[in-house]
Amino acid sequence: MLVGGTAAASAQSACDSLNGPRCVEKLAAGIDMSYLETGPRDGTPVILIHGLTDNVRSWWPAMASLHKRNPKLHIMAVDLRGHGRSTMPDEVTCAPAPEACFRPADFAADIVAFMQSKGVEKAALVGHSLGSFIVQEVALTHPERVSHAILDATAASSVGNVALRDYVLKEPIEGAWKTALQAAGKAFPTDVYTLAPTDADPKVDAWLAANWVVDPTADPDFLAPYVPETASVKLGTWIGATKALLAQDNSKRLEDLAVPTLVMWGTQDSIFLAADQDAIKKALGVAAKKHGQPVFWKQYGVIPLPASGFQESDIGHNVQWAAFDTVAADIDAFIATGAPTRDLVHSAPVPDIRDLVIEPGKAVVVQLGK
C-alpha cells in the first residue's frame, strides 16, 4: 500500500493518508463530506472525484504519485454523498425515489459547497466515470469554479448504457437483491434505503469480487479492501446513483463547455465504449471551436476490447488504478501546460499484464476542434 504525503504535508493536514483518519467538511445540504488532503493550502487546488459506489481509494495511488511529482499542488480527494465515509442525504426525502437525490447535479452542488467551505475559489476537477459526469456538471454550471476539467473514463451520455442498465440495475439491484428484500417483507426502495448489499445477499462479497471490483491490470493488494468497502455502500446510493446516471445526457450541453478539458480513455473500457468516445469527441470538438479552449483526448492502452466485452489484457475502465503514474503525469502536465504528456502506456503482453510499458512520444493524443 502506498504511503501518501511528506512530513511537511502532514504538518499541514490531518488527513493526508489513506491509512489514517479522514477530514470531514459539513456542507449546507446536510452532507458530512469525508476527504483526504495533501500539499500546501496555498498551492494550486486539485479535487479528485471517484466513481459509482467507490471512495477516495480509487484516486489514492494517483494522488500519492501526483503529490510526489508536484508537491506544490493542493490535492483533495473526496468521498461523494452516500459513498465512503460521507453521509447519506435525508432518508425521509430521498428513500421513496433515491434517484432524485443522487443526480450529477446533486453531487456537483456538493462539490461547489465543499469548495466554498474550504475557501477554494477555483480548482482543477478530476473525475472518474460517475465522477467525470460530476466534473462536467460543475464545469457547465459553474465554469468560473473550474480551471481544468479532467475526465477519466467518460462519455457524453450514459442513457441506456448497457453495463449500467443490465449488469448493475437490472441485475443484481432490481433482480436478486430486490427479490430477496421483498421476500423479507421490505418495500422497495423505501425500506431499503439505509440497508447494504449484504442485507440482500450475505454472500455478496463473492459477486463483487467477480463482477464489480475487477481489474486484471491493477494490484490485487490495492483491490482487496474494495470488496468490503463496496459491500457497505447503502442501497439508496446503489439505486439512486445508477438510475440517475442512466438518465444523464450531456451530448448537446457539452458543446458549450468553456473550460480547458482533457479526456483519458482506456482501450478496454467495458462501460464507456469506443462509440461513446466518438460522441464525446464530437461534442467537445464543437466546444473547443466555440470557446477557443484547449481540449484533448488521450488513449491509454493499445489492445481493443475483446469480443467477450470484458477487460482482459490491457488498460480498461479504471485508468487511474493501473496507470496511476502516467495519469498523475498527465494531470500535472495539463494543469501546467494545457496539454497531456505524449507518453503511451499499455500492458505488457507477457509475463504479467500488470507490468506496464511506457513508450515516450507514442500516445494517441487528439487535440479536438483543430
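Predicted, not measured: the structure shown is a model, and the values here were computed from it.
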Phe188, CZ atom: more than 12 neighbouring heavy atoms under 6.0 Å: yes
Close aromatic pair by centroid cut-off 6.0 Å: Phe114 and Tyr35: yes
Cluster check Leu66, Ile358: I/L/V/M/F/W/Y, side chain < 4.5 angstrom: yes
Gap separating the OG atom of Ser34 from the CZ atom of Arg81, nearest 0.5 angstrom: 15.0 Å
Asn250 and Phe133, any side-chain heavy atoms less than 4.5 Å apart: yes
Where Asp32 and Thr87 come nearest, the two heavy atoms and their spacing: N-OG1, 2.9 Å
Donor-acceptor under 3.5 Å (Thr261 side chain, Val259 main chain): yes
Flag if over 12 foreign heavy atoms under 6.0 Å of NZ, Lys290: yes
No-hydrogen, no-angle side-chain donor-acceptor test under 3.5 Å, Glu137 and His142: no
Under 3.5 Å donor-acceptor, Asp276 side chain and Leu273 backbone: yes
Heavy-atom closest pair, residues Ala329 and Thr341: O-CG2, 3.8 Å
Check ion pair Asp201-Lys203 (N to O, under 4.0 angstrom): no
Arg165 side chain near Lys170 side chain, heavy-atom distance below 4.5 Å: no
Which atom of Ile303 lies closest to which atom of Thr267, heavy atoms considered: O-OG1, 2.7 Å
Working for side-chain contact (heavy atoms from CB on, under 4.5 Å), residues Val319 and Val327: CA-CA 8 Å; Val319 179; Val327 166; 3.7 Å; yes
Ring centers of His346, Tyr300 separated by less than 6.0 Å: no
Rounded distance (nearest 0.5 Å) linking atom OG1 of Thr198 with atom CG of Leu208: 9.5 Å
4.5 Å side-chain heavy-atom contact, Ile49 and Val126: no
Trp59-Trp321 aromatic ring centre distance below 6.0 Å: no
Between Gln268 and Ser313: side-chain donor-acceptor atoms closer than 3.5 Å: yes
Considering all heavy atoms, the nearest Phe102-Ala241 contact: CB-N, 3.5 Å
Salt-bridge contact Glu255-Lys282 (side-chain N to carboxylate O under 4.0 Å): no
pair Glu171-Trp177: side-chain heavy atoms closer than 4.5 Å: no
Contact check, side chains of Ile134 and Arg103, non-hydrogen atoms, under 4.5 Å: no
Asn211 side chain to Trp207 backbone, donor-acceptor under 3.5 Å: yes
Check: Glu25 and Gln116 side chains under 4.5 Å, non-hydrogen atoms: no
Gln367, CD: over 12 other non-hydrogen atoms inside 6.0 angstrom: yes
Validation row: Pro216, Phe310 side chains within 4.5 angstrom (heavy atoms): no
Exceeds 12 heavy-atom contacts within 6.0 angstrom, atom NZ of Lys281: yes
Under 3.5 Å donor-acceptor, Thr242 side chain and Trp238 backbone: yes
Residue pair Leu73, His67: steps toward the side-chain contact (heavy atoms from CB on, under 4.5 Å) verdict: CA-CA 7 Å; Leu73 296 176; His67 175 63; over 6 Å; no
Atom pair CD1 (Ile47) and CE (Met76), whose distance is rounded to the nearest 0.5 Å: 4.5 Å
Ion pair Glu174/Lys243, N-O distance below 4.0 Å: yes
Atom of His50, atom of Ser58 and distance for their closest heavy-atom approach: CB-CB, 4.1 Å
Minimum heavy-atom distance between Leu257 and Gln136, given as atom pair plus value: CD1-O, 4.3 Å
Geometric class of the His148/Phe334 ring pair [parallel <30°, tilted 30-60°, perpendicular >60°]: perpendicular
Neighbour count >12 (heavy atoms, 6.0 Å) for atom NZ, Lys122: yes
Contact check, side chains of Thr217 and Asp314, non-hydrogen atoms, under 4.5 Å: no
Backbone N/O of Ser129 and side chain of Ser132: donor-acceptor pair under 3.5 Å: yes
Residues Asn55 and Asp79: side-chain donor-acceptor under 3.5 angstrom: no
Same apolar cluster: Leu27 and Val24, side chain cutoff 4.5 Å: no
Test item: side-chain donor near acceptor, Trp212 and Thr53, under 3.5 Å: yes
Glu312 side, atom CD; Ser270 side, atom OG - distance, nearest 0.5 Å: 10.5 Å
Between OG1 on residue Thr237 and CG on residue Leu52, distance to nearest 0.5 Å: 9.0 Å
